[in-house]
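Following: one structure in structure tokens, then a few remarks.
Side-chain atoms are counted along with the backbone in the values below, which use heavy atoms only and exclude waters and symmetry mates. Numbers here simply count residues along the sequence, with the first being 1.
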Amino acid sequence: MTRNQLYPLGENRQTGEAFLRLPTPNDNIILTPPRLSDEKCLAPIINDPRVSAWLEGPPIPYRDEYAPEWIALIKGQSEGILEELKEEERLNPDGPLKLVGGCPVRHIREVLPDGTDVYLGDIGINRAQLEEVLDPEERKRAVEENNSKPVGDPSIVWTFGDYLAPSHHGRGIMTAAMTTILNGWAIPRMGVRIMTGYTFSENKGSQRVFEKSGFVWKRTLDNGKVVRGERKTLNYLEWRHTI
């Protein structure tokens, strides 16, 4: 059976936007590419202490003026993947599904009864920073090697980064999003075979999300990480594809 290169993504009939729907009972939740209108949605969620306490990357407090650069970056990445797949469909309509270097849908939205949707958070899949390599120079070399591997190389190590609005914590949404991306896109469309998970040691909620998604806790890492002036240890989890 020949499948469109965007498989398994759906397409919004009104807007043409690609999406991936989560399974029941969270089938009112979809993953889409980032939108410019998301810029105003980030700060209220990221600045909530129930979210910011577990984030390493963004500056806290997170200001609205930080959002345009970030949205432009990830929106461009999503659009690039979608354009690559559409071009492959045009050139080779009966060909095999092409492997790509990322997932074009990452923003988590709740679809309301009237058809509108609300931004809830983000889940991105990226090449890992290999926090488990404790020596900084050795880690730098390992990350450079991991980043240099071609798309589809089964030895690439990947990881998830995510957050969700506290109003929707405890509903299994992030676990569903993670497993949907992993099984629906990462394995078949990216060739992902190895993933790592990193959470702050105190973040038992995120650790459970990874474990419910098939990751196995390996050990606690102390690699000298300091976040906003506080020394942090990490949970290190691992997932490997089994046939």
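Using a 3.5 Å distance cut-off with no hydrogens or angles, the side chains of Thr233 and Asp222 do not pair a donor with an acceptor.
A salt bridge is absent between Glu56 and Lys232; no separation between the charged side-chain nitrogens and carboxylate oxygens falls under 4.0 Å. At a threshold of 4.0 Å, the pair Lys140-Glu137 does not count as salt-bridged, since none of the basic side-chain nitrogens sits closer than that to a carboxylate oxygen.
Of the possible donor and acceptor atoms, none in the side chain of Thr196 sits under 3.5 Å from a partner among the backbone N and O of Thr159. In terms of modelled atom types and a separation under 3.5 Å, the side chain of Ser148 and the main chain of Glu145 share a donor-acceptor contact. The backbone N or O of Ala176 lies less than 3.5 Å from a partner atom in the side chain of Thr180, making a donor-acceptor pair. Looking at Arg189, its side chain does come within 3.5 Å of a backbone N or O of Tyr7 through a donor-acceptor pair. One N or O on the side chain of Arg127 and one on the backbone of Asn146 form a donor-acceptor pair closer than 3.5 Å.
At a threshold of 4.5 Å between non-hydrogen side-chain atoms, the residues Val227 and Phe200 count as touching. Using a 4.5 Å cut-off on side-chain heavy atoms (C-beta onward), Tyr119 and Ile45 make contact. A heavy-atom distance below 4.5 Å is found between the side chains of Arg139 and Asn223. Side chains of Pro58 and Leu42 form no contact here, defined as non-hydrogen atoms less than 4.5 Å apart. Using a 4.5 Å heavy-atom threshold, the side chains of Glu238 and Val216 count as separate. In this structure, the side chains of Trp239 and Leu182 come closer than 4.5 Å at one or more pairs of heavy atoms. Taking the side chain as every heavy atom from C-beta outward, Gln77 and Arg106 approach each other to under 4.5 Å. Contact check for Trp54 versus Thr199: no side-chain heavy atoms found under the 4.5 Å cut-off.
Considering Gln129, Glu132, Glu131 in turn, Glu132 is the only one that fulfils the side chain to side chain donor-acceptor pair (under 3.5 Å) rule with Tyr198. When the options Glu84, Gln5, Glu89 are evaluated for a side chain to side chain donor-acceptor pair (under 3.5 Å) with Lys98, the one that passes is Glu84. In summary, of the residues considered (Met195, Met190, Arg193, Lys149), a side chain to side chain contact (heavy atoms under 4.5 Å, CB included) with Ile156 occurs for Lys149 alone.
How far CG of Asn235 is from CZ of Phe210: 10.0 Å, rounded to the nearest 0.5 Å. Distance check: Thr24 OG1 to Ile29 CD1 gives 11.5 Å after rounding to the nearest 0.5 Å. Between the CG atom in Asn47 and the OG atom in Ser52 there is a gap of 6.5 Å [rounded to 0.5 Å]. Within the model, atoms CG of Leu120 and SG of Cys41 stand 9.5 Å from one another, a figure rounded to the nearest 0.5 Å. In this structure, CG in Asp162 is found 11.5 Å from CD1 in Ile125, a value given to the nearest 0.5 Å. Summarising the geometry, atom OG1 belonging to Thr175 is positioned 9.5 Å from atom CZ belonging to Arg208; distances are rounded to the nearest 0.5 Å.
Residues Ser78 and Pro33 approach most closely at CB-CB, 4.1 Å, considering heavy atoms. Nearest approach of Leu99 to Gly191, heavy atoms of both residues: CD2-N, 3.7 Å. Here the closest heavy-atom approach between residue Val143 and residue Ala128 is recorded as CG2-O, 4.3 Å. Residues Cys103 and Ile181 approach most closely at SG-CG2, 4.3 Å, considering heavy atoms. The two residues Ala18 and Leu9 make their nearest non-hydrogen contact at CB-CD1, 3.9 Å. In this structure, Asn4 and Leu97 approach most closely via the heavy-atom pair O-CD2, 3.5 Å.
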Could you give me the CA-CA distance, side-chain angles and deciding distance for Ile30 and Asn12, then say whether side-chain contact (heavy atoms from CB on, under 4.5 Å) is met?
-> CA-CA 11 Å; Ile30 59 173; Asn12 185 298; over 6 Å; no
Using the salt bridge (Lys or Arg N to Asp or Glu O under 4.0 Å) rule, take Glu144 and Arg141 through it: C-alpha gap first, then chi angles, then the decisive distance, then the call.
-> CA-CA 5 Å; Glu144 289 174 351; Arg141 290 191 294 269; over 6 Å; no
Are Ile173 and Leu22 close enough, and set up right, to give a side-chain contact (heavy atoms from CB on, under 4.5 Å), and what steps lead you there?
-> CA-CA 8 Å; Ile173 292 172; Leu22 302 192; 4.3 Å; yes
Could you check Val192 against Trp185 for side-chain contact (heavy atoms from CB on, under 4.5 Å), going step by step and ending with a plain yes or no?
-> CA-CA 9 Å; Val192 171; Trp185 191 267; over 6 Å; no
Residue pair Thr179, Ser213: steps toward the side-chain contact (heavy atoms from CB on, under 4.5 Å) verdict = CA-CA 6 Å; Thr179 54; Ser213 301; 3.5 Å; yes
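Met178 and Tyr236 are not part of a single hydrophobic cluster, where members link through side-chain heavy atoms under 4.5 Å apart. Trp158 and Leu234 fall into different hydrophobic clusters, where Ile, Leu, Val, Met, Phe, Trp and Tyr are joined by side-chain heavy atoms under 4.5 Å apart, directly or via other members. In terms of hydrophobic clustering, with Ile, Leu, Val, Met, Phe, Trp and Tyr side chains grouped at heavy-atom distances under 4.5 Å, Leu82 and Val151 are assigned to different clusters. Cluster membership check: Ile108 does not share its hydrophobic cluster with Phe19, using side-chain heavy-atom separations under 4.5 Å among Ile, Leu, Val, Met, Phe, Trp and Tyr. Cluster annotation: Leu31 and Leu85 are assigned to the same hydrophobic cluster (Ile/Leu/Val/Met/Phe/Trp/Tyr, side-chain heavy-atom contacts under 4.5 Å, transitive).
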Under 3.5 Å, side-chain donor or acceptor atoms of residues 63-73 against the rest of the protein: list the pairs with distances, not counting sequence neighbours.
none

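Note on residues 23-46: pairs passing salt bridge (charged side-chain N to carboxylate O under 4.0 Å, His left out), not counting sequence neighbours, are Glu17-Arg35, Arg35-Asp117, Asp38-Arg109.
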